[in-house]
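Read through the structure below, which is laid out as structure tokens, and then see the notes.
Just so we're clear, the structure is a prediction, and the values are computed from it rather than from any experiment.
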There are 2 protein chains.
Amino acid sequence: MFKKILLAEDFQGENQGIAETLREKLILEELQNELYCDKAFTRLKVALKNTVPYELLITDLFFEKDHVDRKLKSGSELIKAARALQPSLKIIVHSMENNPIHVNSLFKEHKINGYVCKGRKGMLELVKAVKEVYHNRTYVSPQLNLTAANNVVELDDFDRAILRELANGLTKKEVSEKFKQEKITPNSESTIDKRISRLYDEYEAKNTTNLLFKLAKEGKI
Amino acid sequence: MFKKILLAEDFQGENQGIAETLREKLILEELQNELYCDKAFTRLKVALKNTVPYELLITDLFFEKDHVDRKLKSGSELIKAARALQPSLKIIVHSMENNPIHVNSLFKEHKINGYVCKGRKGMLELVKAVKEVYHNRTYVSPQLNLTAANNVVELDDFDRAILRELANGLTKKEVSEKFKQEKITPNSESTIDKRISRLYDEYEAKNTTNLLFKLAKEGKI
DNA sequence: AAGTCCCTTACAGATTTCTGTAAGGGATTG
DNA sequence: CAATCCCTTACAGAAATCTGTAAGGGACTT
């Protein structure tokens, strides 16, 4: 079994519960837990330097903001940094996120090794995932049904930038002006119009209000 | 200290973490934990019948749906049922919800005794909350700032009817026509305009898109 | 090099949104 | 009863939204 595991999870209750269960169900030599991404990353770096690197990282995706300044703001940033630092590291994500698209992109972009949804069976699955990953297999929570991944078009950064401003009540003209000021391209009213019209098609929305409402309800923005 | 505590929380990891911490930090005689609202409620009923009722209920608000059929679908339904069954029961809510409006309504409508936000300090706060509630005081996570509670006006049925149609992408003219067909009064475009304008003021929204987005995010529609 | 595809941009016209003014009516109050 | 308040409605003008056409340019293919 893994000799050295790092757990990053900002909810104190969850954090302790996971650590407790893993220690109980698996024979572990070393399991550290951290409440902040930055601290977790520092631990990875130090361990690597001291030639006793971590073998497995278990991390959440969302880390709540508080008064502590931070460079790494989310689990995916931590994962990205960790992958760059130590490509051999095994990574299991343990999160509430249950959108197959997002989960899929974690496997594709960051080569994570396992994904477990938080929930009633979360702990049982996590133990299973650790075992699977230890044997160089991947694990995905069955509820995700990742194979039958849905074909909904993803929003890109530009889409999201526009939608964010519209959600805040700016007009398209104002969005265009703001983008010009902030040197975001493209930025013509016309292009912004076209982008939104395309989203109407993709999400079967009738107007901006309808589009933003739908996306908000789906948690996409 | 409380002699008999019931914990309802559907995330296995969190559930175990909380139970562990409470047993460690407080001198408890009896602490049971349940993953389902219905089971938790049954426990309350049985205990009351056997004349050794629970003294404190700690519950989450959101309980994920799974294959198991259920009557009580959320923490607030559990709280309502529990209050009706056993008015003397102390209740602490432990949830991610951080909207002061919703939290406030729990105190007003269900007379809960404490509210703790999940998060990095969640466990420390929860222990503190249990102690406070034991001494017949209430506890609210400081981050909520509930005293400066917002005075936001509630939506009435007519507001909601308009907003629902706008969210579905209808224009104001179409909403007016629909209301006329369905004999909903008032129904002139003008009145609908006025209602929405009033909501702009009340919710500090700049336009319909902004208003709907805000309300969707606050979970009001 | 020519053809094709797609993105960016400009522009224009019809429709919708938003705001303000104003009139009428019901309910309440002094 | 008159004064007042608030809701409903009509109307009108400025601004914004939405849709379509069209031109230019970069990337990619044949």
Side-chain angles (χ1 to χ4, degrees), chain A residues 151-218 220-221, chain B residues 151-218 220-221:
Chain A
N151 43 6
V152 172
V153 191
E154 270 302 290
L155 300 170
D156 68 17
D157 290 345
F158 186 60
D159 291 328
R160 261 187 290 269
I162 297 171
L163 291 167
R164 184 170 49 243
E165 301 306 337
L166 292 177
N168 288 334
L170 270 62
T171 67
K172 291 170 183 177
K173 187 188 284 186
E174 289 168 336
V175 174
S176 166
E177 284 159 6
K178 186 167 185 201
F179 282 9
K180 280 171 187 158
Q181 274 194 1
E182 295 176 359
K183 313 283 183 201
I184 297 174
T185 56
N187 52 39
S188 75
E189 274 185 73
S190 192
T191 300
I192 291 167
D193 263 358
K194 288 277 179 282
R195 279 283 184 147
I196 295 169
S197 289
R198 200 169 68 192
L199 293 177
Y200 291 168
D201 291 341
E202 289 171 359
Y203 291 94
E204 297 179 23
K206 293 176 186 161
N207 53 37
T208 308
T209 302
N210 189 208
L211 177 68
L212 270 284
F213 184 81
K214 280 189 169 189
L215 292 172
K217 278 291 171 190
E218 288 177 23
K220 304 221 173 210
I221 47 177
Chain B
N151 39 6
V152 170
V153 192
E154 278 298 300
L155 300 169
D156 68 17
D157 290 344
F158 187 60
D159 291 328
R160 262 188 290 269
I162 297 172
L163 292 167
R164 185 170 50 242
E165 301 306 337
L166 293 176
N168 287 335
L170 271 61
T171 66
K172 291 171 184 177
K173 187 189 283 188
E174 289 168 336
V175 174
S176 165
E177 284 159 5
K178 186 167 185 200
F179 281 9
K180 280 170 187 159
Q181 273 192 3
E182 296 177 358
K183 314 283 182 202
I184 297 173
T185 56
N187 52 38
S188 75
E189 274 185 73
S190 193
T191 299
I192 291 167
D193 263 358
K194 287 278 179 282
R195 279 283 184 149
I196 296 169
S197 289
R198 199 168 68 191
L199 293 176
Y200 290 167
D201 292 340
E202 288 172 359
Y203 290 94
E204 295 178 25
K206 292 176 187 161
N207 54 38
T208 307
T209 302
N210 189 208
L211 177 66
L212 270 285
F213 184 81
K214 280 189 170 189
L215 292 173
K217 279 290 171 189
E218 289 178 21
K220 303 221 171 211
I221 46 177

Measure from CG on B:Leu199 to C1' on C:dT19 and round the result to the nearest Å. 16 Å

Considering residues at least two apart in sequence or located in another chain, which fulfil the side-chain hydrogen bond (donor to acceptor under 3.5 Å, both in side chains) criterion with A:Ser197? none

How long is the line joining CG of B:Leu212 and P of C:dC18, in whole Å? 10 Å

Rounded to whole Å, the CD1-P distance (A:Ile184 to C:dT8) equals 14 Å

How many whole angstroms separate atom CZ of B:Arg198 from atom P of C:dT19? 15 Å

Quick one: salt bridge (Lys or Arg N to Asp or Glu O under 4.0 Å) partners of A:Asp201, sequence neighbours excluded? none

Check the distance between D:dT9's C1' and B:Phe179's CZ and give it to me in whole angstrom. 16 Å

Listed partners of B:Asp159 passing side-chain hydrogen bond (donor to acceptor under 3.5 Å, both in side chains), at least two apart: B:Arg195

I need the CZ-P distance between B:Arg195 and C:dC18, as an integer number of Å. 17 Å

Nearest whole angstrom, please: distance from the P of C:dT16 to the CD1 of B:Ile162. 18 Å

Which residue pairs pass the salt bridge (charged side-chain N to carboxylate O under 4.0 Å, His left out) test with at least one member in residues 161-174 of chain B, sequence neighbours excluded? B:Glu165-B:Lys178, B:Lys172-B:Asp193

Base-contact (B) and sugar-phosphate-only (S) positions in nucleotides 12-28 of chain D, heavy-atom cut-off under 4.0 Å, - elsewhere: ----SSBBBB-------

Do B:Phe213 and A:Leu163 come within less than 4.5 Å of each other through their side chains, counting heavy atoms only? no

If the cut-off is 4.0 Å, is A:Thr191 near the phosphate of C:dT8, judged by side-chain N/O to OP1 or OP2? no

What pairs meet the ring pair (Phe, Tyr, Trp, His ring centres under 6.0 Å) rule with one or both residues in residues 158-179 of chain B, with sequence neighbours excluded? B:Phe158-B:Phe179

